[in-house]
Amino acid sequence: MATTSLAGKPEAERCCTVDRVSMVYKIGAFGGTDLPAVRDVSFEVRAGEVVSLIGESGSGKTTLGKMILRLCPITGETITVDGVDISTFKRRRLKTYYRSVQGVFQDPFSSYNPIFKADRVFSMIKDEYFAEVNAAEWRRKVAASLEAVRLSPDEVLNKYPHQLSGGQLQRILIARALLLDIRLLVADEIISMLDASTRIDVLNLLADLKAQGLGILFITHDLSLGNYVSDKTVILRRGRIVEMGAPDRVFGNPLHPYTKSLLTSVPQLHRKWERVEAELAAGRAGLTGRCIYHERYPNGDGPVGLDAERPTLAEAEDDHFVACFQADGEETC
Amino acid sequence: MTVPSVDQGVDTKVDRVPGARREALYFALRNKKLVGGLTVVLLFLVLAVVGPMLTAHGPREYVGPPMQPPSSEYWFGTTTFGQDVFAQFVYGLRATFRVGILGGGLTAIIGMFVGFTAGYRGGLVDETLNMITNVVLVLPVLAVLLIISAYLRVRSVEVQALIIGLFSWPWVARAIRAQTFSLRSRDFVDLARLSGVPTRRIIFGEIAPNMASYLFMVFILLFGGAVLFAATLDFIGLGPTEGISLGLMLNNSVKWSALQLGMSWWFIPPGIGITAIVGAFYIMNVGLDEVFNPKLREM
Amino acid sequence: MRRYFGRKFLIYALTFFVAVTINFMIPRLMPGDPVRSMVARAGMQTPEAAATMQEYYTRIFGLDVPIWQQYLNFWAALLRGDLGISIWLFPQPVTGVIMRAVPYTLALLIPAILLSWFAGNKFGAFAARRKWLDNTILPVGYVLTATPYMWLAILLAWALGIIAGIFPIAGGYSFSLAPTLSWTFVGSLLAHWFLPFVSLFLVFFGGWAIGMRNMIIYELEADYSHYLQALGAPQRLVRKYAFRNAALPQITGLALQLGVIVAGAVVTEIVFSYPGLGHLILKAIENQDFFLLQGAFLFIVIGVLLANFIIDIVYVLVDPRTRTGMGGGSA
Amino acid sequence: MSKVSLRVAGLKVHYRTLRGDVKALDDVTFAVADGETMGLAGESGCGKTTLGKSLIRLDGRMRHVDGTVELDDEELPIGDTARMNDFRFREVFIIPQYAMSAMNPTRKIGKMTKELLESRGVRFETVRTELKRRLELVGLAHDVLDRYPIELSGGMKQRMVMVLSTLLNPSLLVADEVTSALDVSTQRAVAETLVDFRDRGFVRSMIVITHDVSLVYQIADSIMVMYAGKLAEKAPTDVIVDSPRHPYTQLLISSLPEVGVKYADKRLTGIPGSPPSLLDPPAGCRFRDRCPLAFDKCSEEPPFVEVEHGHYVACWKA
């Protein structure tokens with residue numbers, strides 16, 4: 001097992017910290033029903049680290065990503081980036097914030113305005129952030145950035161989105177983000193709509209960027225993809241973290257029943273469902289009827305907030321945290 | 001003056017790409033409804049522009065013998081008072097186009113403003129605007145126009161267009177709001193926000209261009225609506241206090257018993273004018289819909 | 001569901017409030033002294049009558065009290081059913097004058113709306129995707145919706161009334177008859193009713209037919225239609241389902257169109273001198289009878305709101321989606 | 001798996017567009033045995049959905065150009081929408097991609113089912129008990145029949161459509177991306193229900209269309225891989241996954257990360273380039289431009305031949 005734990009790294013390398021964040025969707029006119037989308041979620045993304053946020057639909061993973069990008073309002077406690085609370089940023093400050101934090105979304109075709117050429121995503125950045133840069137220098141900058149994502153400028157510039165493939169479009173979006181001095185990239189399901197044969201190249205690209213010191217929040221519903229690139233895995237269910245830690249621990253030794261059920265359902269090549277199920281059942285034998293969180297904190301008074309490391313999570317082993325086993329997370333066991 | 005329902009399936013028109021632009025032109029030129037409608041509209045437009053130059057008389061001048069049927073001198077005959085119906089008709093056409101463009105335009109601007117704001121801002125702003133929209137929506141427009149016009153001392157085409165615009169925007173606002181809502185959730189809008197583009201430029205630079213064809217079609221419907229509203233007001237006797245309009249011609253013809261006197265040349269041309277222009281616009285609109293929306297093309 | 005109606009009710013209440021406020025504001029906002037100009041324009045024959053009216057107006061408008069009190073008084077009078085005295089039919093109260101006209105308008109509107117809605121929808125659904133019908137008959141529908149109500153009314157009156165001489169073209173019943181419950185009178189009522197009815201029906205019909213035709217084309221392209229077709233269901237069933245679903249927005253459409261429909265009735269009545277609200281409105285305008293005009297306006301607003309409310313109830317009854325509280329009912 | 005259920009020979013289906021015909025299916029020949037569940041995998045635009053659709057109902061823009069489809073030794077009139085109606089539902093059926101919106105939103109499900117059956121000349125009473133039995137089987141309460149589609153969750157709708165689609169025990173079922181919109185846990189349940197239906201004889205054979213090879217690996221007996229409107233390879237599931245012969249299949253499978261595989265340990269690679277345009281596809285092997293093994297002969301089109309029992313490949317190197 002490769003130990004990728006970054007627990008010992010100094011505070012300064014924390015890139016983005018999410019601390020006890022909640023988000024409630026109001027449904028219906030003038031409030032009405034509340035739908036909690038994210039509940040008390042805390043984690044951090046460090047520089048040079050890929051954190052996978054894994055969850056099914058309705059787990060709140062996309063909402064979290066949008067909160068970090070300030071595309072939806074932040075409720076609950078705080079999200080800090082480089083130690084600064086971002087929840088109150090307005091206009092100018094927000095614009096400056098976007099210099100260092102950028103996002104790429106799931107649907108490459110919907111990320112482009114269909115009636116404009118694809119390079120409009122670059123010119124928008126130029127107009128807003130690099131108005132003073134002259135055209136020739138800007139072209140050089142764009143070319144360099146395209147090369148960083150392994151695209152040749154002749155191939156992709158001056159074309160309309162529908163003339164490019166999904167993989168190319170996603171890479172252009174990453175190149176766009178690289179034009180700014182970003183420290184954190186939120187990648188929301190960026191490969192789920194790509195064809196299998198091109199997915200892996202985009203994933204590899206993320207890994208390369210990480211090697212250059214970028215912090216990446218990789219949001220996905222696919223466990224195998226999350227596992228491939230990440231240094232830390234966060235599993236979300238209905239807006240709560242159920243398990244978190246180094247990928248080889250979370251996937252190699254899943255503790256929470258929900259993580260296990262996910263693992264037994266994900267279709268894998270070379271391993272049929274029955275086999276995976278049997279393997280996990282064997283691993284589970286010792287855990288039946290137990291709840292590690294409540295064994296550690298019988299009164300449910302586990303440490304809260306980032307100061308005490310992880311809220312509502314118990315450290316089961318080094319760099320492996322787990323929430324109460326009550327599968328639904330609604331009530332405790 | 002039913003406004004054909006346009007609420008349906010409008011989002012399909014959003015996916016326009018430049019390749020599709022050429023495709024749209026291809027279908028546009030081959031669409032009989034579009035070309036036919038456009039031809040009729042242009043014909044009347046030319047008549048409205050050129051017509052007044054063909055006649056020496058003003059629309060309200062008493063120029064000839066009264067109650068003359070159409071002749072080589074008075075092409076459309078004369079009224080009970082000896083006014084030239086042709087002169088009234090061509091000047092009336094001008095008023096029709098003016099009120100349509102001004103009224104329709106103003107309605108579109110208000111509707112767009114409210115729709116874009118509500119759809120893009122969401123939240124409380126949306127709730128409030130939506131409430132206002134719904135209130136104005138159930139207010140019977142003509143009744144409101146009546147009550148306002150009745151108190152106006154001086155009425156002109158411009159004033160008419162203004163009050164029409166002030167009270168007939170709600171359905172436009174609603175339709176645009178729905179469109180904006182669906183476009184706003186598109187990732188390219190989020191991406192523009194992430195690029196630091198200010199709200200106003202996102203709405204007009206990113207969202208509105210995607211609705212261009214739709215907005216154009218809305219304007220066509222509004223043009224027709226404004227023309228019909230104006231004609232109705234004129235007919236009730238709340239028409240322009242100066243000048244002439246097609247609705248006013250109808251009003252006069254009924255008031256002075258053209259029906260009973262069998263002076264069909266007095267009331268037929270203005271009706272044909274309104275019906276043909278508005279109808280041609282509506283048919284053009286169907287044609288446009290077919291051009292922009294492949295599902296509707298004949299298979 | 002309660003929220004749905006609660007919300008609707010709020011909107012209607014607000015609308016009514018706005019309408020009354022408009023009614024109150026307009027005469028006061030317009031430049032000039034409304035009372036004097038009204039009395040002047042009313043053209044009373046004797047100075048005594050003019051003086052009476054001047055006094056009456058000043059009292060009604062209550063121009064000597066502060067504006068908020070005028071406003072409250074206005075509401076108070078309204079809630080008592082006091083809409084003032086008609087000038088045109090001085091000294092009859094406006095409420096009574098209007099109440100006599102309303103049955104005529106309803107007799108025209110209700111059958112015209114309902115019949116045209118059903119017939120138009122059926123016809124539109126039938127024409128959709130049937131090439132020759134779609135290409136020949138529907139342009140006629142468009143021309144019909146583009147026809148100003150009054151012009152169609154004029155044409156019908158001219159062709160069937162004047163030239164063919166089949167139908168009378170003025171009044172609610174023959175001038176030589178007094179209202180009684182006799183066959184002659186009912187016959188006369190019907191004869192006078194027919195042309196305005198047909199004229200309204202035709203224009204409405206065109207609108208519904210086109211709306212339905214457009215809706216059904218979308219519905220036939222919907223997933224559930226494709227699924228039924230893939231299941232080998234006959235076209236009849238596919239169309240039946242599409243029709244059902246397409247009819248729902250048409251109900252909302254009816255609510256949205258009510259204002260315009262009423263406008264149509266107003267001008268049609270004017271052409272046929274039919275003794276309904278439209279006729280009153282014309283008279284009110286001709287005689288500068290602002291109390292009557294305001295009263296008619298309020299009646300129209302109330303009528304439209306009531307009709308909207310009925311349509312809301314119908315909508316909830318026919319669309320299961322509103323009942324389960326999951327959207328639907330976009331109005 | 002002896003008797004052949006479906007036999008497709010030389011099938012060509014084109015999409016009409018303004019710029020010309022898109023040759024979505026070009027000379028496709030294969031067979032599905034009685035009782036076989038065949039996975040049909042491929043990237044977007046490879047023609048897999050077109051293939052599924054053409055077995056049921058060509059949409060307005062699709063044109064049957066050539067080739068035949070035989071089901072149980074009877075030729076399906078796939079180009080003739082009206083004549084095809086006799087076969088739909090009873091013999092061959094598709095579970096569409098859009099199961100979420102496949103049911104009429106304003107009819108109760110039971111009533112819709114009844115009207116549908118009776119329009120096909122089946123008395124509802126004769127299948128009522130069987131319908132209820134199958135609802136139980138997929139874990140739906142009987143009262144779903146008294147509900148509107150909107151009252152059901154996504155997974156429930158998916159299951160309802162599955163029951164409905166197979167109610168008359170069709171000979172062949174085509175399931176088109178039925179799981180792609182679902183969460184992994186529901187995905188597995190749906191996939192296993194499909195297998196269960198086959199085992200119980202509700203359907204005799206199945207074609208499961210998906211872009212996810214690992215999903216069909218779990219449930220299919222054989223997998224057929226398509227590339228750019230043509231067949232690339234067909235073989236029993238384990239053979240395809242463990243020892244694929246077509247370079248495209250090989251590259252495709254090796255580009256899929258599995259749980260446990262990490263970038264740091266084993267850097268996977270994708271397939272460079274992109275598929276050719278089907279408006280005017282190149283002559284010869286269509287994978288040639290992206291293929292690491294391509295050689296001169298690839299300018300001729302490789303036939304889809306059986307290289308081993310039950311293993312068909314269209315590659316000169318296989």
Side-chain angles (χ1 to χ4, degrees), chain B residues 1-9 33 131 134-144 146-148 150-153 171 174 178 224-225 228-229 231-232 235-238 247 250 253-254 259-260 262 264 267-268 270-272 274-283 286 289 295-296 298, chain C residues 11-12 14-15 18-19 22-23 26-27 30-32 131 139 142-143 145-151 154-155 157-158 161-162 169 203-204 206-207 210-211 214-215 217-218 221 249 253 256-260 262-264 266-267 270-271 281-282 285-286 290 293-294 297 300-301 304-305 308 331:
Chain B
M1 39 173 84
T2 318
V3 181
S5 32
V6 285
D7 301 65
Q8 340 104 13
K33 296 186 184 109
M131 199 56 124
N134 278 326
V135 166
V136 185
L137 195 66
V138 277
L139 266 184
V141 184
L142 187 90
V144 180
L146 268 180
I147 206 97
I148 297 178
Y151 281 99
L152 286 173
R153 288 266 182 75
W171 70 267
R174 252 175 59 159
L228 290 175
F229 266 133
T232 310
F235 182 72
I236 299 178
L238 297 175
L250 283 176
S253 70
V254 170
L259 264 179
Q260 285 79 357
S264 57
F267 56 80
I268 284 183
I272 286 186
I274 298 173
T275 310
I277 293 171
V278 177
F281 263 121
Y282 283 175
I283 287 173
V286 189
D289 207 8
K295 271 190 188 173
L296 293 179
E298 303 231 329
Chain C
I11 287 171
Y12 297 147
L14 263 175
T15 310
V18 168
I22 288 179
N23 228 350
I26 293 295
M30 294 299 164
K131 214 167 183 173
Y142 276 102
V143 172
T145 46
T147 312
Y149 289 91
M150 55 276 184
W151 192 55
I154 292 173
L155 287 184
W158 180 57
I162 305 284
I169 59 160
V203 183
F204 296 162
I210 289 160
N214 292 345
M215 293 302 296
I217 286 177
Y218 281 100
E221 291 293 322
L256 289 179
Q257 291 296 317
L258 276 176
V260 178
V262 171
V266 167
V267 289
I270 291 175
V271 172
I281 288 174
L282 181 72
I285 289 171
E286 283 177 358
F290 291 106
L293 190 62
Q294 290 195 344
F297 169 73
I300 290 177
V301 170
V304 167
L305 291 182
N308 258 292

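Letters A, B, ... mirror the listed sequences (proteins, then strands); counts begin at 1.
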*Asks:* Which heavy-atom pair separates Leu14(C) from Val135(B) by the least distance, and what is that distance?
*Replies:* CB-CG2, 3.7 Å
*Asks:* Pick whichever of Ile169(C), Val271(C), Ile154(C), Val143(C) has the most heavy-atom pairs under 4.5 Å with chain B.
*Replies:* Ile154(C)
*Asks:* In sequence, state the C-alpha distance, the side-chain angles, and the governing distance for Thr147(C) and Leu228(B), and then conclude on side chain to side chain contact (heavy atoms under 4.5 Å, CB included).
*Replies:* CA-CA 8 Å; Thr147(C) 312; Leu228(B) 290 175; over 6 Å; no
*Asks:* Checking Val267(C) against chain B: side chain, backbone, both or neither under 4.5 Å from a heavy atom?
*Replies:* both
*Asks:* Shorter than 4.5 Å, heavy atoms on both sides: which option in Leu250(B), Ile277(B), Ile272(B) has the most such pairs with chain C?
*Replies:* Ile272(B)
*Asks:* Count the heavy-atom pairs under 4.5 Å between each of Gly271(B), Gly224(B), Pro140(B) and chain C, then report the option with the highest count.
*Replies:* Gly271(B)
*Asks:* Give, as side chain, backbone, both or neither, the part of Ile300(C) having an atom under 4.5 angstrom from any heavy atom of chain B.
*Replies:* both
*Asks:* Heavy atoms only, distances under 4.5 angstrom: which of Tyr12(C), Trp151(C), Trp158(C) has the most pairs with chain B? Name it, please.
*Replies:* Trp151(C)
*Asks:* Enter the distance from Ile11(C):CD1 to Met131(B):CE here, rounded to the nearest 0.5 Å.
*Replies:* 5.0 Å
*Asks:* Indicate the atoms forming the closest heavy-atom contact of Thr232(B) with Met150(C), along with that distance.
*Replies:* N-CE, 3.7 Å
*Asks:* Please rank Val304(C), Leu282(C), Ile281(C), Thr15(C) by heavy-atom pairs under 4.5 Å with chain B and give me the top one.
*Replies:* Thr15(C)
*Asks:* At their closest point, which heavy atom of Gly279(B) faces which heavy atom of Ala146(C), and how far apart are they?
*Replies:* N-CB, 3.1 Å
*Asks:* I need the Ile148(B) CD1 to Ile22(C) CD1 distance, nearest 0.5 Å.
*Replies:* 6.0 Å
*Asks:* Leu142(B) vs Val262(C), test: side chain to side chain contact (heavy atoms under 4.5 Å, CB included). Steps then yes/no.
*Replies:* CA-CA 8 Å; Leu142(B) 187 90; Val262(C) 171; over 6 Å; no
*Asks:* Relative to chain C, which segment of Val144(B) carries a heavy atom at a distance below 4.5 Å: side chain, backbone, both, or neither?
*Replies:* both
*Asks:* When rounded to the nearest 0.5 angstrom, what is the spacing between CG in Leu256(C) and CH2 in Trp171(B)?
*Replies:* 10.0 Å
*Asks:* Please flag which part of Leu305(C) lies under 4.5 Å from any non-hydrogen atom of chain B: side chain, backbone, both or neither.
*Replies:* side chain
*Asks:* How long is the span from the CG atom in Leu137(B) to the CG atom in Asn308(C), to the nearest 0.5 Å?
*Replies:* 8.0 Å
*Asks:* One pair to check against side chain to side chain contact (heavy atoms under 4.5 Å, CB included): Phe297(C) and Leu146(B). What are the steps and the verdict?
*Replies:* CA-CA 8 Å; Phe297(C) 169 73; Leu146(B) 268 180; over 6 Å; no
*Asks:* Using non-hydrogen atoms only, which part of Ile268(B) is less than 4.5 Å away from chain C: side chain, backbone, both, or neither?
*Replies:* both
*Asks:* With a 4.5 angstrom heavy-atom cut-off, which part of Val254(B) approaches chain C: side chain, backbone, both or neither?
*Replies:* side chain
*Asks:* Rounded to the nearest 0.5 Å, how far apart are CD1 of Ile285(C) and CD1 of Ile147(B)?
*Replies:* 8.5 Å
